[in-house]
Amino acid sequence: MELSVTLREPHRRAELFGPQDRFLRQIRDALGVRLHARHTLVQIVGEPSQVAKAAAVIEHLQDMLRQQPHLDEEAIDVALAQVEERPAGMDPNAITVFIRNAPVAPRTEGQRRYVEAMLRHDLVFCLGPAGTGKTYLAVAVAVHLLKVGQTRRIVLVRPAVEAGERLGFLPGDLQQKVNPYLRPIFDAMHDMMTFEQLKRFMVNDVIEVIPLAYMRGRTLNNAVVILDEAQNSTPAQMLMFLTRLGHHSKMIVTGDDSQVDLDPAQRSGLIDAVHRLRGVPGIEILRLTEVDIVRHRLVQEVVSRYGDGVSRPVDAPRGERGR
């Protein structure tokens, strides 16, 4: 089989191919294919399965080069290991995580664009109703980048704001106090790695969970930072959070702007940030909709019936009034 891969940035051939084409030879020897670089194309010849893997490696390396100045032999090894782990017949959009038999794949076109944006951009905002996979896919991408060596740590952040209730002072240390707010993120992570892995990563600060209020004064390098339920941040908190972005890091901000639990007089930091930052190069803002809901089929109907929220009164159906 013969396949050609187009170079997206031909002027960076030297960085992609390595000194004296060393990286091409590394791919050739690992996968048993023949590689020929011609102008803006790389021709791959060999067994169909190995050709597909070689093409995936080259595409992956091109993605990496868009986010860093150069590659090394370790990056090639990581890319090769990733394609070797991908079982035959797996969805090509699947995101590999630590549990080998549990890849995560976007299930709608909106989710696919969301995953692609997170892989390509350093700052991504995703808004949408409950059940659209905003948090789950963000965690999956973060875990994937940790697995393949493209990030060193994951930082999970959430505002400590109750959904319409006041729970009072919670007992325990900081970790125990914030756990109830971060439970949805932990649930997602348990689908992607074993309990022992998660515990080890947290003990070693590879995975850190922190309330938004404790982010001040930090600079986060070589990390994927996820701010969940961002609609419950204030504009001042959002500014503080966004300015924590360090070198070789990504930030993913998720929230549902129809479910703001702040005081009615307080503007949501998520809504404010989207308004201010729309159109800024390098920042991607996406909105998922009801068609992207992948929970129980009734969730889509519930979201549709509630529309913009619960503030507008709904007349009782005839026959139920006065009961």
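This one's a predicted model, so the numbers in the text were calculated from it and none came from an experiment. Positions are given from 1 along the sequence.
K250 contributes no side-chain N or O that, together with a main-chain N or O of L245, makes up a donor-acceptor pair within less than 3.5 Å. A donor-acceptor pair under 3.5 Å is absent between the side-chain atoms of K134 and the main chain of G255, judged by distance alone. Looking only at distances, no side-chain donor or acceptor of S233 sits under 3.5 Å from a matching main-chain atom of M238. R153 places no side-chain N or O within donor-acceptor distance of the main-chain N or O of N221, the cut-off being under 3.5 Å. For the pair S249 (side chain) and L220 (backbone), a donor-acceptor distance under 3.5 Å is present. With Y114 contributing its side chain and L137 its backbone, the two residues share no donor-acceptor pair below 3.5 Å. Judged purely by atom type and a 3.5 angstrom limit, Q197 has no side-chain atom pairing as donor or acceptor with the backbone of M193. For N222 (side chain) and T151 (main-chain N/O), no donor-acceptor pair under 3.5 Å exists by modelled atom type. Under the 3.5 Å distance criterion, the side-chain polar atoms of Q50 are matched with a main-chain donor or acceptor of L31. Of the possible donor and acceptor atoms, one in the side chain of N204 sits under 3.5 Å from a partner among the backbone N and O of R200.
Partner of V139 under the side chain to side chain contact (heavy atoms under 4.5 Å, CB included) criterion, chosen from I226, D187, D191: I226. For the side chain to side chain donor-acceptor pair (under 3.5 Å) with Q150, the lone residue among H248, H144, H60 that qualifies is H60.
Taking each heavy atom of E15 and L71 in turn, the nearest pair found is O-CD1, 3.9 Å. Here the shortest heavy-atom pairing between I27 and A54 reads CG2-CB, 4.2 Å. Scanning all heavy atoms of the two residues, the minimum distance from T108 to V291 falls at CG2-O, 3.7 Å. Smallest separation of non-hydrogen atoms from V104 and Y136: CG1-CE2, 3.9 Å. Among all heavy-atom pairs drawn from P106 and R112, the shortest one is CB-N, 3.6 Å. The shortest non-hydrogen separation linking S268 to L262 is CA-CD1, 3.9 Å.
Salt bridge status for R287 with D257: present, with a side-chain N to carboxylate O gap under 4.0 Å. Between E284 and R120 no salt bridge is recorded (no basic side-chain N to carboxylate O distance below 4.0 Å).
In this structure the side chain of I95 reaches within 4.5 angstrom of the side chain of V141, judged on heavy atoms. Contact check for I252 versus V224: side-chain heavy atoms found under the 4.5 Å cut-off. When side chains are defined from C-beta on, V157 counts as touching M215, because their heavy atoms get closer than 4.5 Å. When side chains are defined from C-beta on, H121 does not count as touching I283, because their heavy atoms never get closer than 4.5 Å. With contacts defined as side-chain heavy-atom distances shorter than 4.5 Å, the pair L35/D21 does not qualify. Between D228 and L156 there is no side-chain heavy-atom pair separated by less than 4.5 Å. Counting heavy atoms from C-beta outward, F201 and M189 have side chains that stay 4.5 Å or more apart. Contact of the H190 side chain with the L198 side chain is registered, since non-hydrogen atoms from C-beta on lie closer than 4.5 Å.
Rounding to the nearest 0.5 Å gives a distance of 7.5 Å between CD1 of I185 and OG1 of T254. In this structure, CD on E109 lies 11.0 Å from CG on L288, to the nearest 0.5 angstrom. Taken from OG1 in T234 to CD in Q266, the straight-line distance is 5.5 Å, to the nearest 0.5 Å. Here the CG atom belonging to L242 is positioned 6.5 Å from the CG atom belonging to L277, to the nearest 0.5 angstrom. Residue T243 holds its OG1 atom at 13.0 Å from CZ of R218, rounded to the nearest 0.5 Å. Separation of atoms CG (L212) and CZ (F241) is listed at 7.5 Å; rounding is to 0.5 Å.
When hydrophobic clusters are built by joining Ile, Leu, Val, Met, Phe, Trp and Tyr residues whose side-chain heavy atoms come closer than 4.5 Å, directly or via intermediates, M251 is grouped together with Y214. Under the 4.5 Å side-chain heavy-atom criterion for ILVMFWY residues, no single connected hydrophobic cluster contains both I154 and F195. Residues L127 and V280 are members of one and the same hydrophobic cluster, defined by side-chain heavy-atom contacts under 4.5 angstrom among Ile, Leu, Val, Met, Phe, Trp and Tyr.
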Intermediate values then yes/no, side chain to side chain donor-acceptor pair (under 3.5 Å), N232 and Q259 | CA-CA 8 Å; N232 289 329; Q259 294 188 357; over 6 Å; no
Working for side-chain contact (heavy atoms from CB on, under 4.5 Å), residues V225 and R244 = CA-CA 9 Å; V225 190; R244 304 305 96 200; over 6 Å; no
Stepwise side-chain contact (heavy atoms from CB on, under 4.5 Å) test for V155 and I210 | CA-CA 7 Å; V155 181; I210 184 170; 4.0 Å; yes
Hey, mind stepping through V253 and L270 against side-chain contact (heavy atoms from CB on, under 4.5 Å) and telling me if it holds?
-> CA-CA 8 Å; V253 181; L270 175 62; 4.0 Å; yes
Applying salt bridge (Lys or Arg N to Asp or Glu O under 4.0 Å), run through K53 and E47 and close with a yes or a no.
-> CA-CA 10 Å; K53 290 179 180 179; E47 292 296 320; over 6 Å; no
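Within a 6.0 Å radius of CZ in R8, other residues, nucleotides and ligands contribute more than 12 heavy atoms. R12 CZ: more than 12 foreign heavy atoms inside a 6.0 Å radius. For H11, the NE2 atom sits in a packed shell: over 12 heavy atoms of surrounding residues, nucleotides or ligands are nearer than 6.0 Å.
Side-chain atoms of D77 and Q26 form a donor-acceptor pair, as typed in the model, at a separation below 3.5 Å.
By the side chain to side chain contact (heavy atoms under 4.5 Å, CB included) test, R267 pairs with P235, I271, D272, H275, sequence neighbours left out.
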